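Being a predicted model, the structure only gives us computed values, none of them experimental. As a basis for the values below, the full set of heavy atoms in this structure was taken, side chains included, without hydrogen atoms, waters or symmetry mates.
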Amino acid sequence: MTIMHAERPTPRPGVLDITAYSPGKSTAPGGIKIHKLSSNESPLGPSPMAAAAFTKASEQLERYPDGSAGALREALGNRYGLKAENIVCGSGSDELLSLIGQAYLKDGDEAIYSAHGFLVYPIVINANGATPVVVPEKDLTTDVGAMLGRVNSKTKVVFLANPNNPTGTYLPFHEVRRLHAGLPASTLLVLDAAYAEYVRQNDYGAGVELVSTFSNAVMLRTFSKVYGLAGLRIGWAYCPPDVADALNRIRGAFNVNAPAIAAAQAALADAAHVERAVAHNDQWLPWLRAEIAKIGYSTTPSVGNFLLVHFAKGEAPEADAFLSARGVILRRMEAYCLPDALRLTIGSEEANHAFMAALRAFSEGRARRHG
């Protein structure tokens, strides 16, 4: 009998269906100052305490890190009133999403996310042989009823970014509870709360209550945004005991590096720095919305540290090129099925004014072109 072999190694089904994640760009023509407003990074940077802890940790780079990130988990437990043993740390929430996919998805399964949800969700789903189920949104906000309407016996995971990136919209917690209540006990609800610290609305909840009460919900958080540690890639998940056990069995033995652990623990202790970052956002997000509206562009109401700016049909690429040529870098939204929008991170005072000056110049040029 002749055995036929493939001409080359072949990835598992689903892998070649993945569109690789493309981060926000960070370059512009040479010779001008760059204002990178494409990746939702903190304009205040990290806490000085975190930077000092990072520097100190760099003195022992020959040592393996604490494989369980025990001190950081204890600090997180104390900060939020959680059991440290139910916390799993990862290399950003992206790694935790991948671990969840590995643990709970397989060939033939389905996983649900909203139409303009985080691009990592379909990557995780396809990478594990499952089928992505994309649910339309209502007013650029997750539609709980529509999402529940797509749940069936194959649904093993539901991903919910709350607040959502890139729209900035959110579900009040009673809607999150309604979503969870409509899921089978065998379906895991993943609450991705990367931007939770910025939310001021009283009806918001990141998910601690659900995770503490039920066995099929997990909450993800990150140090990349308000804490300003995106370059270190560190996040954490609060899990029911069984989920924490599953993730710990498959994560890398030393999946979070020592400088990241040290910096995150120090950042957590610097509450004043976080408060300054949130206050900065509270000041500049409404200012930008109002200034953008004055020149005729709309934005989606956002509770995060970014705004989705809407342009006329086909105009966003032209606006992006114009802004980039002036050193103002925003995020294109074609990958999120929002081709007529650009996402703007709330930047420093200088960056915010530079963006508005560039946008006004673009608008005036448009008026001349179409006058």
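- With sequence neighbours excluded, the residues satisfying ring pair (Phe, Tyr, Trp, His ring centres under 6.0 Å) with H353 are W284, W287.
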Could you pull out all donor-acceptor pairs under 3.5 Å where a side-chain atom in residues 125-133 meets a protein atom, sequence neighbours excluded?
from : atom 1 : to   : atom 2 : distance (Å)
N126 : ND2    : P122 : O      : 3.1
N128 : ND2    : V124 : O      : 2.8

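- The distance from atom CD1 of I346 to atom CD of Q283, rounded to the nearest 0.5 Å, is 11.0 Å.
- Looking at heavy atoms from C-beta onward, R289 lies in side-chain contact with L307 at the 4.5 angstrom threshold.
- Scored by the ring pair (Phe, Tyr, Trp, His ring centres under 6.0 Å) test, Y238 finds no partners at all (sequence neighbours excluded).
- Hydrophobic clustering (side-chain heavy atoms under 4.5 Å, transitive across Ile, Leu, Val, Met, Phe, Trp, Tyr) groups L76 together with L82.
- For the ring pair (Phe, Tyr, Trp, His ring centres under 6.0 Å) test, no residue two or more places apart in sequence or in another chain qualifies with Y204.
- A side-chain donor-acceptor contact under 3.5 Å links H310 and T300.
- Summarising the geometry of C239 relative to V88, their closest heavy-atom pair is SG-CG2, 4.2 Å, with the distance given to 0.1 Å.
- Listed by chain and residue number, S93, A194, S224, K225 satisfy the side-chain contact (heavy atoms from CB on, under 4.5 Å) test with T222 (two or more places apart in sequence, or in another chain).
- Taking hydrophobic clusters as Ile, Leu, Val, Met, Phe, Trp and Tyr residues chained together by side-chain heavy-atom distances below 4.5 Å, L96 does not share a cluster with F223.
- The cationic atom of R326 (NZ for Lys, CZ for Arg) lies less than 6.0 Å from the six-membered ring centre of F322 and within 45° of the ring axis.
- For the ring pair (Phe, Tyr, Trp, His ring centres under 6.0 Å) test, no residue two or more places apart in sequence or in another chain qualifies with Y104.
- No side-chain donor-acceptor contact under 3.5 Å links T142 to the backbone of V144.
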Please tabulate, for the side chains in residues 250-262, all donor-acceptor contacts under 3.5 angstrom to protein atoms that are two or more places apart in sequence or on a different chain.
from : atom 1 : to   : atom 2 : distance (Å)
R251 : NE     : N248 : OD1    : 2.8
R251 : NH1    : G67  : O      : 2.9
R251 : NH1    : N255 : OD1    : 3.0
R251 : NH2    : G67  : O      : 3.0
N255 : ND2    : C89  : O      : 3.0
N255 : ND2    : E95  : OE1    : 3.1
N257 : OD1    : A260 : N      : 2.8

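- K156 places none of its side-chain heavy atoms less than 4.5 Å from the side chain of T187.
- By the salt bridge (Lys or Arg N to Asp or Glu O under 4.0 Å) test, R233 pairs with D94, sequence neighbours left out.
- Linking ILVMFWY residues whenever their side-chain heavy atoms come closer than 4.5 Å, directly or via other members, leaves V151 and L188 in distinct clusters.
- Rounding to the nearest 0.5 angstrom, the gap separating the CG atom in L160 from the CG atom in D192 is 8.5 Å.
- Judged by distance alone, with hydrogens and angles left aside, the side-chain atoms of N352 form no donor-acceptor pair with the main-chain N or O of L288 at under 3.5 Å.
- Qualifying side-chain contact (heavy atoms from CB on, under 4.5 Å) partners for S42, counting only residues two or more places apart in sequence or in other chains: L44.
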Run the side chain to side chain contact (heavy atoms under 4.5 Å, CB included) check on L179 and M147 step by step: do they pass?
CA-CA 8 Å; L179 173 60; M147 196 168 267; 4.0 Å; yes
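- Pairs passing the ring pair (Phe, Tyr, Trp, His ring centres under 6.0 Å) check and including a residue from residues 131-173, sequence neighbours excluded, read Y121-F159.
- Side-chain contact annotation: S68 with D66, donor-acceptor N/O pair under 3.5 Å present.
- Here the closest heavy-atom approach between residue T169 and residue D139 is recorded as CG2-O, 4.4 Å.
- For the residue pair G207 and L191, the shortest heavy atom distance occurs at CA-CD1, 3.7 Å.
- Looking only at side-chain heavy atoms (C-beta outward), V157 and T155 stay at 4.5 Å or farther from each other.
- Within the model, atoms CG of L344 and CD1 of I292 stand 5.5 Å from one another, a figure rounded to the nearest 0.5 Å.
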Show the numbers, then the answer: is there a side chain to side chain contact (heavy atoms under 4.5 Å, CB included) between Y297 and L359?
CA-CA 10 Å; Y297 294 102; L359 186 65; 4.0 Å; yes
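- Here CD1 of I87 is found 8.0 Å from CE of M219. Values are rounded to the nearest 0.5 Å.
- Listed by first and then second residue, the salt bridge (charged side-chain N to carboxylate O under 4.0 Å, His left out) pairs involving residues 253-282 are R200-D282 (not counting sequence neighbours).
- Side-chain polar atoms of N40 and T345 form a donor-acceptor pair below 3.5 angstrom.
- The shortest distance between side-chain heavy atoms of F118 and L97 falls below 4.5 Å.
- Proximity of R150 to E110: side-chain heavy atoms (C-beta onward) are nowhere separated by under 4.5 Å.
- Using a distance-only test at 3.5 Å, with no hydrogens or angles considered, no donor-acceptor pair links the side chain of D320 to the main chain of A316.
- No side-chain heavy atom of Y80 sits less than 4.5 Å from a side-chain heavy atom of V208.
- Between A244 and E85, the closest heavy-atom pair is CB-O, 4.0 Å.
- Considering only heavy atoms from C-beta on, S38 stays 4.5 Å or farther from R332 through its side chain.
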Using side chain to side chain contact (heavy atoms under 4.5 Å, CB included), reason through V303 and Q201 one step at a time and then give a plain yes or no.
CA-CA 8 Å; V303 297; Q201 279 67 15; 3.3 Å; yes
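- You'll find the side chain of R343 stays beyond 4.5 Å of the side chain of V309, heavy atoms only.
- In this structure a side-chain-to-backbone donor-acceptor pair under 3.5 Å is missing from N165 to G117.
- Partners of D245 by salt bridge (Lys or Arg N to Asp or Glu O under 4.0 Å), not counting sequence neighbours, listed by chain and number: R249.
- Distance alone, capped at 3.5 Å, is enough to place a donor-acceptor pair between the E315 side chain and the A312 backbone.
- Rounded to the nearest 0.5 angstrom, I234 CD1 and Q265 CD are separated by 9.5 Å.
- No hydrogens or angles considered: a donor-acceptor pair under 3.5 Å links the side chains of H180 and N216.
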Assess the residue pair T141 and D143 against the criterion (side chain to side chain contact (heavy atoms under 4.5 Å, CB included)); give the C-alpha distance rounded to whole Å, side-chain angles, the decisive distance to 0.1 Å, and a yes or no.
CA-CA 6 Å; T141 305; D143 185 335; over 6 Å; no
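- Residues R73 and N86 bring no donor and acceptor atom of their side chains to less than 3.5 Å of each other.
- Taking every heavy atom of both residues into account, L171 and N162 meet most closely at N-OD1, 2.7 Å.
- Residues Y336 and P166 approach most closely at CD2-CD, 3.5 Å, considering heavy atoms.
- Aromatic ring centres of H35 and F355: separated by at least 6.0 Å.
- A distance of 8.5 Å separates OG of S324 from CD1 of I34, quoted to the nearest 0.5 Å.
- With ring centers used as reference points, Y195 lies under 6.0 Å from F306.
- Judged by distance alone, the side chain of E137 and the main-chain N or O of H116 form a donor-acceptor pair under 3.5 Å.
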